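Every value quoted in this text rests on a predicted model; they were computed, and no experiment measured them. In each ligand, atom 1 is the first atom listed, and ligand 1 is the first ligand listed.
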Amino acid sequence: MKERVVLITGASRGIGAATARAFAGAGYRVAAGYHTSQQQVHQLAAEFPGQIVPFQADVSSREEVQALFEQVEQRLGPVEILVCNAGIAHQELFTQITPQQWQQVLDVNLSSAFHCCQMALPSMIRRRWGRIITVSSMWGQVGASCEVAYSAAKAGLIGLTRALAKEEGPSGITVNCVAPGVIETDMMQGFSDEDKEVLAQETAVGSLGTPMQVAQAILFLASEQADYITGQVLGINGGMVM
Ligand code: NAP
């Protein structure tokens, strides 16, 4: 069933773009969600003409997510696999975080998954098949200093994943989470080479991760072979958090 439709949010760059490539390479039809990186997402789509189709939406907006699902359904059909990947990082001392910053980090990283899952589920339930994969972070598992809002949002995604897996299991839908460690993407822009080397040494394998290493795990969790795996949090962190 490789021609299934997968919607990946945040597919214009980083982990989301690698995930779009992995799914398209495996024969799926990919709705590539993006917010501002129009040029990047169109370059990505050009690599797999007709198979990766870009769709613009701010996933923190309920209205835009609703419109996104309507457009994907019209163009490609109902979403059978949903990858909630879009996210933003935010580094700040906890005492300095404004209520607006707190809300934005929660809206983009966590409420976006609430909106997307609610839009995706009715047709998955009707078809009695579906896959939802959320992209959390190891900081959602263990917490990061100066990233309290981000850690809270990513921990929330883990709670959403586990609870939703219980609710939707009887409908033939699995819900799983990947929790990446330090992966080389634009999100790491603020880190110097020295910082990255220190982080790499904190892993068991001695290196940072690549977007494609995360993408391959997501691809597996979406496959038929993973149909007995649900409610799980898969760390992809080179052994940094066990
Ligand atoms: P990235 O390279 O910064 O890409 C972020 C993606 O999210 C972009 O495609 C961006 O779209 C999209 N996005 C951001 N805000 C959005 C919004 N309001 N609406 C729709 N899309 C939005 O990040 P990444 O490193 O690939 O991270 C992907 C996911 O993995 C995130 O959830 C992140 O928290 C998680 N993660 C990353 C790491 C890491 O080390 N890199 C570690 C753990 C977890 P546009 O560019 O089109 O605006």
Side-chain angles (χ1 to χ4, degrees), residues 7-22 30-45 52 54-69 72 82-91 101 103-116 133-144 147 149-158 160-161 177-191 195-196 199-200 202-203 207-215 217-218 233-238 240-241:
L7 169 60
I8 303 162
T9 66
S12 47
R13 296 183 283 118
I15 292 168
T19 305
R21 286 189 181 94
V30 180
Y34 73 100
H35 185 209
T36 57
S37 301
Q38 191 177 16
Q39 199 183 342
Q40 283 101 316
V41 81
H42 280 96
Q43 280 169 0
L44 172 71
I52 297 183
F55 293 89
Q56 198 273 338
D58 176 351
V59 291
S60 66
S61 156
R62 178 77 174 187
E63 292 70 31
E64 292 195 26
V65 170
Q66 186 164 4
L68 168 70
F69 274 77
V72 172
L82 169 65
V83 183
C84 296
N85 165 74
I88 50 169
H90 183 76
Q91 276 111 20
Q101 288 169 332
Q103 196 57 51
Q104 198 202 4
V105 172
L106 269 286
D107 285 347
V108 176
N109 290 292
L110 178 57
S111 300
S112 58
F114 163 66
H115 302 319
C116 289
I133 296 116
T134 59
V135 181
S136 176
S137 162
M138 67 178 172
W139 302 134
Q141 297 174 292
V142 298
E147 294 198 61
Y150 182 77
S151 301
K154 293 299 190 183
L157 267 182
I158 291 173
L160 180 152
T161 302
C177 175
V178 293
V182 186
I183 310 298
E184 292 256 34
T185 70
D186 295 346
M187 210 172 253
M188 295 299 297
Q189 255 170 3
F191 291 73
D195 291 340
K196 288 186 193 174
L199 287 167
E202 285 178 32
T203 68
S207 60
L208 302 186
T210 66
M212 194 47 87
Q213 287 169 327
V214 181
I218 295 173
V233 181
L234 179 59
I236 306 168
N237 57 42
M240 194 161 174
V241 167

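- At a 4.0 Å cut-off, not a single heavy atom of Thr9 sits close enough to ligand 1 to count as contact.
- Numbered from 1 in the order shown, with element, the atoms of ligand 1 that lie under 4.0 Å from a heavy atom of Tyr34 read 47 (O).
- Ligand 1 does not have Gly33 within reach: every non-hydrogen atom of the residue lies 4.0 Å or more from it.
- The shortest N or O to N or O distance between Ile183 and ligand 1 is below 3.5 Å.
- The contact set between ligand 1 and Val182, taken as ligand atoms under 4.0 Å from a residue heavy atom, comprises 40 (O).
- Applying the 4.0 Å criterion to heavy atoms of Ser12 picks out, from ligand 1, the atoms 8 (C), 9 (O), 11 (O), 45 (P), 46 (O), 47 (O).
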What side-chain donor-acceptor pairs closer than 3.5 Å can you find for residues 10-22, not counting sequence neighbours?
residue, atom, partner, partner atom, Å
Arg13, NE, Ser37, OG, 3.3
Arg13, NH1, Asp186, OD2, 2.9
Thr19, OG1, Ile15, O, 2.7
Arg21, NE, Glu47, OE1, 2.8
Arg21, NE, Glu47, OE2, 3.4
Arg21, NH2, Glu47, OE2, 2.8

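- With sequence neighbours excluded, the residues forming a salt bridge (charged side-chain N to carboxylate O under 4.0 Å, His left out) with Glu184 are Lys196, listed by chain and number.
- The shortest distance between side-chain heavy atoms of Ile183 and Val214 falls below 4.5 Å.
- An N or O contact shorter than 3.5 Å links Lys154 to ligand 1 by distance.
- At distances below 3.5 Å, at least one donor-acceptor pair connects side-chain atoms of Thr9 with backbone N or O atoms of Asn85.
- Heavy atoms from other residues, nucleotides or ligands lying under 6.0 Å from CD of Gln40 number more than 12.
- Set against the non-hydrogen atoms of Gly14, the atoms of ligand 1 under 4.0 Å away are 2 (O), 26 (O).
- Within ligand 1, the atoms closer than 4.0 Å to a non-hydrogen atom of Gly87 are 5 (C), 7 (O), 14 (C), 31 (C), 32 (O), numbered from 1 in the order shown.
- Under a 4.0 angstrom heavy-atom cut-off, Gly181 registers as being in contact with ligand 1.
- The closest approach between any non-hydrogen atom of Gln38 and ligand 1 is not below 4.0 Å.
- The distance from ligand 1 to the heavy atoms of Ile15 drops below 4.0 Å at these ligand atoms: 26 (O), 30 (O), 37 (C).
- Residue contact check for ligand 1: Tyr150 places a non-hydrogen atom closer than 4.0 Å to it.
- No heavy atom of Ala17 sits closer than 4.0 Å to any atom of ligand 1.
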